[in-house]
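Note sheet for the following structure.
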Amino acid sequence: MHARAVAASTTALLGTAALLFPVSPAQAAGGRPLVIAHRGASAYAPENTLAAVDKAAGLGIRWVENDVQRTRDGELVVLHDDNLRRTTDVEEVYPDRAPWKVKDFTAAEIARLDAGSWFGPAYAGARVPTLEQFVNRVERHHQKLLLEIKNPELYPGIERQTLKVLGNEGWLDRSHLAGRLVVQSFSADSVRTVHELKPAVKTGFLGTPPVSDLPVYARFADQINPSYGSLSAAYVSFVQALSGPHGRPLQVLTWTVDDAATAQRVAGYGVDGIITNKPDVVREAVGG
């Protein structure tokens, strides 16, 4: 099909969805979107550190999002980038180790790095946490976890390993699976792999698939989690009209929203959750 014809078809589908499903399930129930602290409360503490988890907890935020990478010796660590430069002092500690990729360092080497000073002197000495350390801190605060598997193409088998760590730390029992854990990725193959390995785990796909493809995603993903700039009320309604692998309507969590006006706009679309660096701002904006 030509691009213009594809766009016309998509617009028609979205228009039909808006007519058939003008009110989202969350709106109909009078619910408010969940507020998820992106990389912890990362506007107020260094991202993906235990301090960011603590800050989210101090703000009363129940959901925390994080990112998982793998070290050279096979340890899972919580870091957004596949490179250590932006959020640690790796260039000072290991000046001859360019390009400073996570996969080229051992867990012990990464544990030496300062992951807080770049954010502010109050956080000097903060460390890159292992996945075990991170989930244990989330557990200490009785919070819930939206875990993103980053760059799975760099780390073959990371899905199985992530599930093993979660299981070892008690995160795959009935109470956690019932509503305290979601595993997501930008890779559809990675999300599908998690679902196949552990069907009871709730999963999310990061992105905005064409509406015509959504039934395929609904076979292995419980959530479709797009950037806020790609959203419309019609798209949200279309997603929520489908049932996911656990027999419930697909959910929509959108990212990354840090101002009140945008939070109110996407809440009006009927999203189920908003991922934000400023969870206090978003919570106040949506009345949570």
Side-chain angles (χ1 to χ4, degrees), residues 14 17-18 20-45 52-66 138-139 141-148 175-184 202-208 214 218 221-244 246-288:
L14 289 172
L20 292 175
F21 312 108
V23 179
S24 77
Q27 289 172 317
R32 300 181 179 91
L34 297 172
V35 177
I36 300 101
H38 185 232
R39 310 177 196 172
S42 55
Y44 311 117
V53 178
D54 294 342
K55 184 62 178 179
L59 293 170
I61 302 301
R62 299 297 306 279
W63 277 92
V64 174
E65 185 263 0
N66 75 343
V138 173
E139 183 68 37
H141 293 304
H142 308 289
Q143 291 166 300
K144 306 177 183 185
L145 179 63
L146 176 60
L147 183 155
E148 181 183 344
S175 64
H176 288 81
L177 293 177
R180 292 186 59 192
L181 175 68
V182 179
V183 177
Q184 64 176 357
K202 193 172 181 179
T203 54
F205 173 74
L206 284 158
T208 314
L214 287 173
D222 299 273
Q223 297 177 350
I224 301 296
N225 299 339
S227 65
Y228 74 86
S230 66
L231 274 187
S232 67
Y235 187 84
V236 173
S237 293
F238 199 93
V239 172
Q240 293 170 338
L242 297 171
S243 292
H246 295 104
R248 298 177 181 176
L250 291 184
Q251 294 181 316
V252 177
L253 310 185
T254 190
W255 48 272
T256 303
V257 177
D258 288 338
D259 66 277
T262 304
Q264 291 168 350
R265 173 161 58 86
V266 297
Y269 294 164
V271 299
D272 299 282
I274 301 173
I275 301 169
T276 173
N277 299 312
K278 298 180 176 180
D280 54 335
V281 172
V282 170
R283 179 179 58 193
E284 182 176 356
V286 301

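Fair warning: this is a prediction, and the values are worked out from it, not measured in the lab.
At least one side-chain heavy atom of Asp280 sits less than 4.5 Å from a side-chain heavy atom of Lys278. Between Thr276 and Val281, the closest side-chain pair of non-hydrogen atoms is not below 4.5 Å. Using a 4.5 Å cut-off on side-chain heavy atoms (C-beta onward), Leu34 and Asp272 make no contact.
With Thr254 contributing its side chain and Ile274 its backbone, the two residues share no donor-acceptor pair below 3.5 Å.
Contact between Trp63 and Leu145 at its shortest, heavy atoms only, is CZ3-O, 3.4 Å. Across every non-hydrogen atom of Ala41 and Leu59, the tightest pair is CB-CD1, 4.2 Å. Here the closest heavy-atom approach between residue Thr208 and residue Ser230 is recorded as OG1-OG, 2.7 Å. Closest non-hydrogen pair, Val64 versus Ala56, comes out as CG2-CB, 4.2 Å. In this structure, Thr203 and Ala221 approach most closely via the heavy-atom pair OG1-CA, 3.3 Å.
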Criterion side-chain contact (heavy atoms from CB on, under 4.5 Å) on Leu214 and Val239, from CA distance to verdict:
CA-CA 7 Å; Leu214 287 173; Val239 172; 3.7 Å; yes
Apply side-chain contact (heavy atoms from CB on, under 4.5 Å) to Tyr235 and Val252, showing your working.
CA-CA 10 Å; Tyr235 187 84; Val252 177; 5.8 Å; no
Start with the C-alpha distance between Gln251 and Gln240, add both sets of side-chain angles, then the distance that settles side-chain contact (heavy atoms from CB on, under 4.5 Å), and finish with yes or no.
CA-CA 6 Å; Gln251 294 181 316; Gln240 293 170 338; over 6 Å; no
Does Val182 form a side-chain contact (heavy atoms from CB on, under 4.5 Å) with Asp222? I'd like the steps, not just the answer.
CA-CA 9 Å; Val182 179; Asp222 299 273; over 6 Å; no
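At most 12 non-hydrogen atoms from other residues, nucleotides or ligands lie less than 6.0 angstrom from OH of Tyr228.
Every ring pair (Phe, Tyr, Trp, His ring centres under 6.0 Å) that Trp255 has, sequence neighbours left out, goes to Phe186. Legend: residues meeting salt bridge (charged side-chain N to carboxylate O under 4.0 Å, His left out) with Arg180, ordered by chain and number and at least two apart, are Glu139.
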